[in-house]
Amino acid sequence: MIRLARKSDWPEISRISTRSGYEDYINRIGPGYLEDGEVLVFEESSIQAFAKIEYLMDNSAWFSGLRVDPDYWRNGLGTSLTEAGIERAVEKGCNTVRLLIYEDNFRSLKLVDKLGFKNIRKYTFFEGIPDITTLCKETRQPSGLVNLGWKFARIPETGNFEFPAYNGNGWTFMSTGENTFEILSMGSGPVNFLDGGFTCLSGDMGYKDHHQFVSDEKLSSGFILEKNL
């Protein structure tokens with residue numbers, strides 16, 4: 001049975017999160033993870049898997065945090081939860097479902113491909129954020145696919161959405177959430193990066209100059225995939 005999670009489900013959700021093999025942000029958030037959006041659980045005598053859905057400003061649903069207890073891998077639970085999430089998004093009137101999968105997660109990429117998701121963009125991520133105290137601030141109205149704190153939405157050109165941006169040495173960074181930045185343009189001058197938070201850049205830009213600011217070991221890349229409803 002698939003149902004909406006309750007607050008009392010947190011211990012089981014936390015246990016599965018720990019066992020699923022990820023360096024998981026879910027337990028770092030704690031029980032508050034259940035408060036934003038909706039968490040679906042698959043339950044048969046006990047909770048065996050869960051996933052989260054959040055509803056965004058562009059009438060899309062963001063699907064994340066799919067975790068299956070290793071004791072129940074290869075039983076189709078990931079597929080069942082993803083299909084349930086799609087159905088839930090349709091019920092809410094969404095026109096798109098979107099998600100992020102890291103490029104080495106071949107099992108999940110294969111799953112969503114079978115369900116009709118299309119790869120729309122590659123992003124590179126790394127830990128660390130620019131030291132904005134050394135940069136000039138402005139405001140920007142972005143359009144297109146925008147990272148809103150690790151939930152990607154499409155913002156129209158006519159939308160009324162302004163975000164702080166920071167410039168220096170040819171670089172432009174946009175702050176898209178708490179301790180979350182996106183690189184809009186890459187410069188050749190030095191930029192100091194601080195611990196805490198994450199920065200991303202679109203794979204469309206390439207990152208041939210990335211050695212200026214982060215080592216290969218700290219880089220990870222993933223794909224944004226979406227399915228129109």
Visitor: Side chains of Phe163 and Pro142: closer than 4.5 Å at any heavy-atom pair?
Guide: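 Yes, at least one pair of side-chain atoms sits under 4.5 Å.
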Visitor: Nearest heavy-atom pair of Pro130 and Val191: which atoms, and what distance?
Guide: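 Residues Pro130 and Val191, closest heavy atoms: CB-CG1, 4.3 Å.
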Visitor: Ignoring hydrogens and geometry, is there a side-chain-to-backbone donor-acceptor pair from Asn169 to Trp171 under 3.5 Å?
Guide: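 Absent.
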Visitor: May I have all residue pairs that pass salt bridge (charged side-chain N to carboxylate O under 4.0 Å, His left out) and include part of residues 142-152, sequence neighbours excluded?
Guide: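 Sorted result for residues 142-152: Glu54-Lys151.
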Visitor: Check Ser175 against Tyr166 and note the closest heavy-atom contact, atom names and distance.
Guide: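 Scanning both residues, the minimum pair turns out to be CB-CE1, 4.2 Å.
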Visitor: To check you understand the geometry: which heavy-atom pair defines the closest contact between Ile16 and Ala49, and what is its length?
Guide: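 So the two residues come closest at CD1-N, 3.9 Å.
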Visitor: Do Leu56 and Leu148 make a side-chain contact, defined as non-hydrogen atoms from C-beta onward lying under 4.5 Å apart?
Guide: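 No, every pair of side-chain atoms sits at 4.5 Å or beyond.
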Visitor: Please lay out, stage by stage, how Glu38 and Tyr55 fare under the test side-chain contact (heavy atoms from CB on, under 4.5 Å).
Guide: CA-CA 9 Å; Glu38 300 175 336; Tyr55 303 102; 2.8 Å; yes
Visitor: Any side-chain heavy atom of Leu145 within less than 4.5 Å of one from Ile224?
Guide: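 When only atoms from C-beta onward are counted, Ile224 and Leu145 do touch, with a gap below 4.5 Å.
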Visitor: Tell me, do Leu109 and Leu225 make a side-chain contact under 4.5 Å, heavy atoms counted?
Guide: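 With C-beta onward as the side chain, the pair touches.
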Visitor: Any sub-3.5 Å donor-acceptor pair from Thr82's side-chain atoms to Gly78's backbone N or O?
Guide: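 Yes, the answer is positive, given that a donor and an acceptor are paired below the 3.5 Å cut-off.
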Visitor: Between Thr176 (side chain only) and Asn147 (backbone N and O only), is there a donor and an acceptor less than 3.5 Å apart?
Guide: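 Yes: the side chain of Thr176 pairs with the backbone of Asn147.
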Visitor: Please answer: with hydrophobic residues joined when any side-chain heavy atoms are less than 4.5 Å apart, are Phe223 and Leu201 in the same cluster?
Guide: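 The answer is no; the residues belong to distinct hydrophobic clusters.
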Visitor: Show the numbers, then the answer: is there a side-chain contact (heavy atoms from CB on, under 4.5 Å) between Arg15 and Asp69?
Guide: CA-CA 9 Å; Arg15 180 188 64 82; Asp69 187 316; 2.8 Å; yes
Visitor: Quick check: closest heavy atoms across Val68 and Leu77, and the distance to 0.1 Å?
Guide: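 Between these two residues, the closest heavy atoms are CG1-CD1, 4.1 Å.
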Visitor: Decide yes or no for Glu12 and Glu43: does some side-chain heavy atom of the first lie under 4.5 Å from some side-chain heavy atom of the second?
Guide: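 When only atoms from C-beta onward are counted, Glu43 and Glu12 do not touch, as no gap falls below 4.5 Å.
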Visitor: Nearest 0.5 Å please: distance from the OG1 atom of Thr172 over to the CD1 atom of Ile183.
Guide: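 It is 10.0 Å, given to the nearest 0.5 Å.
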Visitor: Restricting to ring pair (Phe, Tyr, Trp, His ring centres under 6.0 Å), what partner residues turn up for Tyr33, sequence neighbours left out?
Guide: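 Applying ring pair (Phe, Tyr, Trp, His ring centres under 6.0 Å) to Tyr33 gives none.
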Visitor: For the pair Phe50 and Val41, evaluate side-chain contact (heavy atoms from CB on, under 4.5 Å) and give the outcome as yes or no after the intermediate values.
Guide: CA-CA 4 Å; Phe50 69 90; Val41 299; 3.9 Å; yes
Visitor: Group every Ile, Leu, Val, Met, Phe, Trp and Tyr by side-chain heavy-atom contacts under 4.5 Å, then state whether Trp62 and Leu66 land in the same group.
Guide: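 Hydrophobic grouping puts Trp62 apart from Leu66.
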Visitor: Who pairs with Glu138 by side chain to side chain donor-acceptor pair (under 3.5 Å), at least two apart in sequence or on another chain?
Guide: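 With sequence neighbours excluded, Glu138 shows a side chain to side chain donor-acceptor pair (under 3.5 Å) to Arg140, Asn167, given in chain and number order.
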Visitor: Would you say the side chain of Met174 lies within less than 4.5 Å of the side chain of Phe181, judging by non-hydrogen atoms?
Guide: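 Result no, sub-4.5 Å side-chain heavy-atom pair not found.
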Visitor: Taking side chain as C-beta onward, heavy atoms only, is Leu34 less than 4.5 Å from Trp10?
Guide: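 Yes. Closest side-chain heavy atoms under 4.5 Å.
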Visitor: Nearest 0.5 Å please: distance from the CG atom of Asp131 over to the CZ atom of Phe173.
Guide: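 Asp131 CG to Phe173 CZ: 10.0 Å, rounded to 0.5 Å.
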Visitor: State which residues pass salt bridge (Lys or Arg N to Asp or Glu O under 4.0 Å) with Glu91; sequence neighbours excluded, sorted by chain then number.
Guide: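 Listed in chain order: Arg88.
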Visitor: With sequence neighbours left out, write down each residue that passes side chain to side chain donor-acceptor pair (under 3.5 Å) with Ser60, or none if nothing qualifies.
Guide: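 Expected list: Asp58, Arg98.
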Visitor: Could you tell me whether the side chain of Asn59 and the main chain of Gly93 form a donor-acceptor pair under 3.5 Å?
Guide: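 Yes.
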Visitor: Of all residues at least two apart in sequence or in a different chain, which pass the side chain to side chain donor-acceptor pair (under 3.5 Å) check with Ser14?
Guide: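 Testing Ser14 for side chain to side chain donor-acceptor pair (under 3.5 Å), a comparison that skips the adjacent residues, returns Asn27.
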Visitor: Test of understanding: clusters of I, L, V, M, F, W, Y form through side-chain heavy atoms closer than 4.5 Å, transitively. Do Leu81 and Ile26 belong to the same one?
Guide: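 Each belongs to a different hydrophobic cluster.
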Visitor: Which of parallel (below 30°), tilted (30 to 60°) and perpendicular (above 60°) describes Phe125 and Trp150?
Guide: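 The arrangement is tilted - the two ring planes meet at 30° to 60°.
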Visitor: Taking Ser108 for its side chain and Asn105 for its backbone only, find out whether a donor-acceptor pair lies under 3.5 Å.
Guide: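 Side chain of Ser108 to backbone of Asn105: no pair is present.
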Visitor: Could you tell me the separation between the NZ atom of Lys92 and the CD1 atom of Ile53, rounded to the nearest 0.5 Å?
Guide: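 That separation rounds to 9.0 Å.
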Visitor: Is it the case that the side chain of Lys52 and the backbone of Asp36 share a donor-acceptor pair, with hydrogens and angles ignored and the cut-off at 3.5 Å?
Guide: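 Such a contact is found between Lys52 side chain and Asp36 backbone.
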Visitor: Between side-chain atoms of residues 111-118 and protein atoms elsewhere (two or more places apart, or another chain), which donor-acceptor pairs fall under 3.5 Å?
Guide:
none

Visitor: Report whether Val39 and Leu99 are members of the same hydrophobic cluster (ILVMFWY, side-chain heavy atoms less than 4.5 Å apart, transitive linking).
Guide: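 No, no single cluster joins them.
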Visitor: For Leu135 and Gly168, work out which heavy atoms get closest and say how close.
Guide: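 Taking Leu135 first and Gly168 second, the nearest heavy atoms are CD2-CA, 3.7 Å.
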Visitor: Kindly write out the residues that satisfy ring pair (Phe, Tyr, Trp, His ring centres under 6.0 Å) with Trp73, not counting sequence neighbours, or none if the list is empty.
Guide: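 Result, ring pair (Phe, Tyr, Trp, His ring centres under 6.0 Å) vs Trp73: none returned.
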Visitor: Out of curiosity, Asn119 CG to Arg121 CZ, how far, rounded to the nearest 0.5 Å?
Guide: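 So the gap between those two atoms works out to 10.5 Å.
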Visitor: Got a sec, which residues hit salt bridge (Lys or Arg N to Asp or Glu O under 4.0 Å) with Asp9, two or more places apart in sequence or on another chain?
Guide: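 With neighbours one apart ignored, the set is Arg3.
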Visitor: Which residues pass the salt bridge (Lys or Arg N to Asp or Glu O under 4.0 Å) test with Asp104, not counting sequence neighbours?
Guide: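 Partners of Asp104 under the salt bridge (Lys or Arg N to Asp or Glu O under 4.0 Å) test: none.
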Visitor: Quick one: list whatever passes salt bridge (Lys or Arg N to Asp or Glu O under 4.0 Å) with Glu182, sequence neighbours left out.
Guide: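 Listed in chain order: nothing, the list is empty.
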Visitor: Mind checking the CG-CD1 spacing from Asn192 to Ile129? Nearest 0.5 Å is all I need.
Guide: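 The CG atom of Asn192 sits 10.5 Å away from the CD1 atom of Ile129.
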Visitor: Please round to the nearest 0.5 Å and tell me the distance separating atom CD1 of Ile101 and atom NZ of Lys110.
Guide: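 Interatomic distance, Ile101 CD1 to Lys110 NZ, rounded to 0.5 Å: 13.5 Å.
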Visitor: With clusters defined by side-chain heavy atoms of hydrophobic residues (ILVMFWY) lying less than 4.5 Å apart, directly or transitively, does Val90 cluster with Phe63?
Guide: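 Phe63 and Val90: one cluster.
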Visitor: Begin from the C-alpha positions of Phe198 and Thr180 and carry the test side-chain contact (heavy atoms from CB on, under 4.5 Å) through to its verdict.
Guide: CA-CA 5 Å; Phe198 292 85; Thr180 304; 5.6 Å; no
Visitor: Using side-chain heavy atoms (C-beta onward) and a distance below 4.5 Å, is Leu4 in contact with Leu40?
Guide: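 Side chain of Leu4 against side chain of Leu40, heavy atoms only: contact under 4.5 Å found.
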Visitor: Specify the closest pair of heavy atoms between Ala89 and Ala61, including all atoms of both residues, with the distance to one decimal.
Guide: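 The pair with the smallest heavy-atom distance is CB-CB, 3.7 Å.
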Visitor: How are the rings of Tyr123 and Phe152 set to each other: parallel, tilted or perpendicular (split at 30° and 60°)?
Guide: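 Aromatic pair Tyr123/Phe152 classed tilted.
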Visitor: For Ser8, which residues count as a side chain to side chain donor-acceptor pair (under 3.5 Å) partner, sequence neighbours excluded?
Guide: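 Here no residue qualifies.
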